[in-house]
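Both backbone and side-chain heavy atoms feed into the values below; hydrogens, waters and symmetry mates do not. Below, chains carry the letters A, B, ... as their sequence lines are ordered, and counting in each starts from 1. Small disclaimer: the values here were computed from a predicted structure and weren't measured.
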Protein chains: 2
Amino acid sequence: MLLSTKGDYGVRAMIDLAKHEGEGPVQRAEIAKRRQIPESYLDHLLAQLRRAGFVRSVRGPGGGHLLAKPAEEICLLHLLEALEGSLAPLQCLDNHEPGSEAICGQEWVWQEIYDDMRRKLAAVSLAALAEHEREHERTAVVNYSI
Amino acid sequence: MLLSTKGDYGVRAMIDLAKHEGEGPVQRAEIAKRRQIPESYLDHLLAQLRRAGFVRSVRGPGGGHLLAKPAEEICLLHLLEALEGSLAPLQCLDNHEPGSEAICGQEWVWQEIYDDMRRKLAAVSLAALAEHEREHERTAVVNYSI
DNA sequence: ACAATGTCGACTGAATTAGTCGTGAATACC
DNA sequence: GGTATTCACGACTAATTCAGTCGACATTGT
Ligand code: FES
Ligand code: FES
């Protein structure tokens, strides 16, 4: 039932990019270090995100990765679906072919949960996540200074 | 992000028992056949459910498995947790050790989703599932007769 | 005694996940 | 043009989890 590391890492990386929005490309190595992601693995994730149209990459010295569109326009739902494939807790929720229902009789519960989840994820933008993290850092600093 | 077959199969099996509540033990082979579960695998699931206190089993001829408590008192949440372990989509939601938060910054979203999910699952009893399935069968019959 | 049934644990095969590595391609800079 | 920097892509591997099988054993009704 766990999200795979792809989803977790991928979102972390995107938050990193969002926090550097407008500052030019961010390099893989930097992201990997800051977010504790194996760099060679992050490579794959960035490739996937690029193909999905979320990041743009530039090669050569001074190159790196940046958001392909504003952080406000990227929602967690689409991001995670690009990284993980479907988030459905049961296959039948995606396929939705009739006939399997008779066997199982629990789809309705999961359907509701799934719909709720998607709604919630769609409501959170990458910008909101980045902002939330900034907020969190600020209060953390305050706490340290007590 | 999928529920494993353990969860799916296990719940199917429990629904089966619920539908035969008060009719004496139901045999593994019957359940396996009706619910399309490999019998030798179902064995493990029943063992797990027995250890968790959801089913009682009797050996010998005429033996089988029955609910250890009324279907009304069994909720989907506890059932699934017995079968799957934690349902948390991220490990940090269970461990909740501080320090990992600074890295990631997406827990709050998942925490909400997770809480919601647990609430919903806790609100559904095995009795409700069984009843829902009966209902479904009835309308299916009606549809056939058009 | 014997047949029906559940109990338990060891084992296996398949699939998925989580990476690593090497080679190549674009680009900036001198 | 040469070189250093950085991304691009695919082949490969290791580790883990999932899904299931099997066989020997225990219990109980007849
Ligand atoms: S087959 Fe659809 S929920 Fe189990
Ligand atoms: S580490 Fe907690 S959500 Fe990623």
Query raised in the report: For B:R50 and B:P61, take the nucleotide of DNA chain C holding the closest heavy atom to each; which residue's nucleotide lies nearer the 5' end?
Result: B:P61
Query raised in the report: Is B:E133 reaching over with its side chain to a backbone N or O of B:I15, donor-acceptor style, under 3.5 angstrom?
Result: no
Requested in this report: Between B:M1 and B:S40, just flag the one whose closest nucleotide in DNA chain C comes earlier from the 5' side.
Outcome: B:S40
Query raised in the report: Does a nitrogen or oxygen in the side chain of A:Y9 sit under 4.0 Å from OP1 or OP2 of C:dG19?
Result: yes
**Report entry** Presence of B:S4 side-chain N/O under 4.0 Å of D:dT17 phosphate oxygens OP1/OP2
**Finding:** no
Report task. Name the nucleic acid region contacted by A:H44, choosing base, sugar-phosphate or nothing; use a 4.0 angstrom heavy-atom cut-off, strictly under. Result -> base
Report task. Report yes if some heavy atom in the side chain of B:I37 is under 4.5 Å from a heavy atom in the side chain of B:T5; otherwise report no. Result -> no
Query raised in the report: Any donor-acceptor pair under 3.5 Å between the side chain of A:D43 and the base of D:dC9?
Result: yes
Query raised in the report: A:H65 side chain: which of D:dC7, C:dT20, D:dA19 is closest?
Result: D:dC7
Requested in this report: Please figure out whether B:T5 or B:G62 has its closest DNA chain D nucleotide nearer the 5' end.
Outcome: B:T5
Report task. Give me the ring orientation class for B:Y9 and B:Y41: parallel if the planes are under 30° apart, tilted from 30 to 60°, perpendicular past 60°. Result -> perpendicular
Query - Nearest-angstrom distance from the residue atom CG of A:L49 to P of D:dC7 - result: 14 Å
